[in-house]
Amino acid sequence: MRILIFSEIFPPYVSGVASYVDVLKKELTALSHEVLVVTASPNIKEVFYSQMEYNIYCPAKKTDNKYGFECKDIKNPNLIALLSDFKPDVVHIHTDTKIGYLGLTVADKCSVPVVFTIHDYFMDRYAANSSRMIWNLKTIREKRHFCDMLDNADVVTSSCSRAAIFVQKADRRRRILVVHSHTDTDKFDYHNTSPAAVKKMREKLGLSTNGTVALFAGKLTIEKNLEFVLTAFAKYISPADNIQLLLVGDGTETDYLHRLCRTLKIDDRVFFTGAVANSIMPSIYSSCDIYVCSSEDSLMSMSFVEAMSCGLPVLVKEDKEKIVHKTIINGTNGFVYTKKAEFAQYLKRMSELSEEQRLRIREGVRRSLIAMEEDNMAQQYLKVYHIAIKKYRSKIYK
């Protein structure tokens, strides 16, 4: 099968969406399918076709959306002709930004079905420093883009059933096929990182070599609810607990979170890396002790899965959908909390473990993730693609 994938962001940029698409491409390719990824880059001035990577990069301009940039020219006739010559069997879109619209154009020109994967909610992408009026205007625009993808897709998927709530809020009725996030468990394996490398990475990040490090990795945006983590940390975790927070990534909330740390007087115990290369993320995960997540609205993130693959127990905030209960067994591979005091209690519990106990937990967390993985993403999506093709054919021959 020939699959044309459209994603505004792709490695080396660090993002859950980028990692998701990267894993999917590798798995599909390993099954002998031909996959071409179309993505954007702010570092080029014209369309670039990388034959080695088998990706097409489109010039992008900086924007205030959650990716930090967006494709500039989606009506380039040479680009559309190049993509049409690929002769895809299916177009798979992972964004409702301009790259997503390029995907719709190519799908229409090639008369092939569209699969749209929801990774976030349209209200996630506004700029945090917008005025209320600008926020309302941007939300209306983002909702329209989101709905355009829903209305033109033959099949809609997501990594989590919560996406149905997003669709409902967008005033649409679409069935969501759930395809669970997977990761490259060989790449994200703490066994690949030696104790000496862990020590070196901690020193490079400015972390204590003998303390407990709690990690968050991802876009520093409002829906991640990191204010909850920082205020809980400030209130219940003292310097004597020897626990540090590491926030990996960048986003619209970065400056605010820096200011908040200074206000809470925890800036000497909270470390920001900014955006980092995807290639060093396995070493960063392996150098930490626990992964923290406080978002109440996000879907099943790739960083969540990658952290577990590296043996990090996950500390996640309970949500009304109870999605986390399907993957987290309290005390085995992580903890589910509801209040700030519980969050701090579990952090302290981890900090009190011996090195032997931590290693035992790491192995258990990794085993629990591998046990959850049945069909990989490629195998799941091949079934989705065949459904989309069947629906598209029944629609055009009706």
Side-chain angles (χ1 to χ4, degrees), residues 1-26 28-29 33-117 119-120 125 127 138 141-142 144-146 148-149 152-153 219 249-252 274-281:
M1 187 178 289
R2 299 167 71 84
I3 303 136
L4 196 51
I5 293 180
F6 292 80
S7 176
E8 197 78 55
I9 193 165
F10 193 73
Y13 299 102
V14 177
S15 159
V17 179
S19 297
Y20 190 97
V21 175
D22 189 35
V23 170
L24 176 58
K25 178 183 178 179
K26 288 175 180 175
L28 286 167
T29 303
H33 297 279
E34 198 168 348
V35 184
L36 180 61
V37 171
V38 185
T39 188
S41 172
N43 300 320
I44 58 174
K45 293 184 178 180
E46 58 184 28
V47 174
F48 173 65
Y49 174 35
S50 172
Q51 290 183 312
M52 182 178 295
E53 298 172 336
Y54 211 47
N55 296 333
I56 290 180
Y57 297 90
C58 303
K61 61 182 178 180
K62 290 188 177 181
T63 66
D64 58 4
N65 69 19
K66 70 183 298 180
Y67 304 125
F69 54 81
E70 185 177 63
C71 181
K72 285 196 294 190
D73 184 10
I74 61 170
K75 296 182 180 179
N76 182 327
N78 294 329
L79 173 60
I80 294 171
L82 176 65
L83 296 175
S84 301
D85 287 344
F86 178 69
K87 294 182 171 54
D89 296 300
V90 65
V91 163
H92 189 171
I93 298 173
H94 292 263
T95 179
D96 54 23
T97 52
K98 286 187 178 179
I99 283 283
Y101 280 94
L102 176 60
L104 293 181
T105 299
V106 174
D108 183 60
K109 185 174 177 60
C110 296
S111 300
V112 295
V114 172
V115 173
F116 173 51
T117 295
H119 290 283
D120 53 29
R125 288 183 291 278
K138 287 184 177 180
R141 182 193 66 189
E142 298 296 347
R144 185 179 72 249
H145 295 172
F146 186 70
D148 284 345
M149 295 300 145
N152 287 281
K219 286 291 182 182
D250 200 0
T252 53
V276 301
N278 182 269
S279 58
I280 68 169
M281 283 307 300

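Since we're looking at a predicted model, the values are computed, not measured.
Across every non-hydrogen atom of Lys98 and Lys61, the tightest pair is NZ-NZ, 4.0 Å. Between His94 and Ser7, the shortest heavy-atom distance links the atoms CB-CB, 4.2 Å. Listed here is the closest heavy atom pair of Asn43 and Tyr13: ND2-OH, 2.9 Å. For Lys25 against Tyr54, the heavy-atom pair with the smallest separation is NZ-O, 3.1 Å.
Under the side-chain contact (heavy atoms from CB on, under 4.5 Å) criterion, Glu46 pairs with no residue at all, not counting sequence neighbours. For Ser50, the side-chain contact (heavy atoms from CB on, under 4.5 Å) test picks out Phe48, Met52, Glu53, Tyr57, with sequence neighbours left out.
Between the His33 side chain and the Met1 main chain, a donor and an acceptor come within less than 3.5 Å of each other. Looking at Asp22, its side chain never comes within 3.5 Å of a backbone N or O of Ala18 through a donor-acceptor pair. The backbone N or O of Cys71 lies less than 3.5 Å from a partner atom in the side chain of Glu8, making a donor-acceptor pair. Side-chain N or O atoms of Asp89 include one that pairs as donor or acceptor with a backbone N or O of Arg2 at under 3.5 Å.
Side-chain contact check for Asn78 versus Val47: every heavy-atom pair is 4.5 Å or farther apart. Annotation: side chain of Pro113 is not in contact with side chain of Val91 (no heavy-atom distance under 4.5 Å). Annotation: side chain of Val90 is not in contact with side chain of Val112 (no heavy-atom distance under 4.5 Å). The shortest distance between side-chain heavy atoms of Cys58 and Phe6 does not fall below 4.5 Å.
In the model, Thr95 has no side-chain atom that pairs as donor or acceptor with a side-chain atom of His119 under 3.5 Å.
With values rounded to the nearest 0.5 angstrom, Phe10 atom CZ is found 9.5 Å from Asn278 atom CG. One finds the CG atom of Asn152 at 8.0 Å from the CD1 atom of Ile93 (value rounded to the nearest 0.5 Å).
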Enumerate donor-acceptor pairs with a distance under 3.5 Å from any side-chain N or O in residues 102-109 to protein atoms, sequence neighbours excluded.
| residue | atom | partner | partner atom | Å |
| --- | --- | --- | --- | --- |
| Thr105 | OG1 | Tyr101 | O | 3.1 |

